[in-house]
**Student:** 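Before I ask anything, here is the structure I am working with.
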Amino acid sequence: MPDNLTIVDHPLIQHKLTILRDKTTPTAQFRQVLREVAFVLGCEATKDLKLGNIEIETPIEKMTAPYLEGKKLCFVSILRAGNGLLNGLLDLIPSARVGHVGIYRDHETLEAHRYYYKTPDRLGDRLVILVDPMLATGNTAIDAANELKKAGAKEMKFLCLVAAPEGVEKFSTAHPDIPIITAALDRGLNEKGYIMPGLGDAGDRIYGTKG
Ligand code: URA
């Protein structure tokens, strides 16, 4: 396991992930549980934010209390499934900026094709957290991270729900400086590039576009 990979094995995350994997979970519950999981994964992705101190007064007395030093954040969602993680992340950090990268996978070659890119300015001043529920082949995540670096991003993390060893390997080789945070490292990819056992097509599960 590469040392830039963190698997968040908190019991609540693992319990919720089981609900997400279960094919009988209805769309509305899937979205809600994904939002909850994203909140906790977001805590892990931001655990090294720097704290300063401020003077405040509680109803009892004055105290010096920890306060975020004000590092700016930007979540970047890989469309469309990445959007399923945004609500939970914005519940956690409502002031974060949000970017979108539209990439689809060619179903034959599994290669990434970018069709949309919009992010806030001054990415270099921000912690950029790139999000996509599934790290499968790694091609889309690598392409998105390349583009964000070209736009000036310096400090980045990649947050996903389920990762395949193939994707982790490829992404870590292309971007060894970007930590990966996931709830699970699954067995591998099938011939169609889906993660096994995975949870199916994350976009279809979030938006109810199949079945
Ligand atoms: N994308 C998905 O939505 N699911 C997978 O298993 C792999 C890629």
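Model, not experiment: these values are computed from the prediction. Read the numbers this way: they start at 1 and go in the same order the structure lists the ligands and their atoms.
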**Student:** If you measure from CZ on Arg114 to OH on Tyr104, what distance do you get to the nearest 0.5 Å?
**Tutor:**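 Going from the CZ atom of Arg114 to the OH atom of Tyr104 covers 12.0 Å.
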
**Student:** For the pair Asp201 and Lys210, find out whether any cationic side-chain nitrogen is under 4.0 Å from an anionic carboxylate oxygen.
**Tutor:** no

**Student:** Heavy-atom contacts with ligand 1 below 4.0 Å: which residues, ordered by chain and residue number?
**Tutor:** Arg105, Met134, Ala136, Gly193, Tyr194, Ile195, Gly200, Asp201, Ala202

**Student:** Return each pair, listed once, that meets salt bridge (Lys or Arg N to Asp or Glu O under 4.0 Å) where at least one residue sits in residues 151-174; pairs must be two or more places apart or across chains.
**Tutor:** Asp48-Lys157, Lys71-Glu155

**Student:** Given a cutoff of under 4.5 Å between side-chain heavy atoms of I, L, V, M, F, W and Y, with clusters grown through shared members, what are the other residues clustered with Tyr194?
**Tutor:** none

**Student:** How long is the straight-line distance from CG of Leu17 back to CG of Asp9, given to the nearest 0.5 Å?
**Tutor:** 11.5 Å

**Student:** Can you list every side-chain hydrogen bond (donor to acceptor under 3.5 Å, both in side chains) pair that touches residues 80-91, not counting sequence neighbours?
**Tutor:**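 Qualifying pairs: Arg35-Asp91, Ser77-Asn83, Arg80-Asp204, Arg80-Thr209.
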
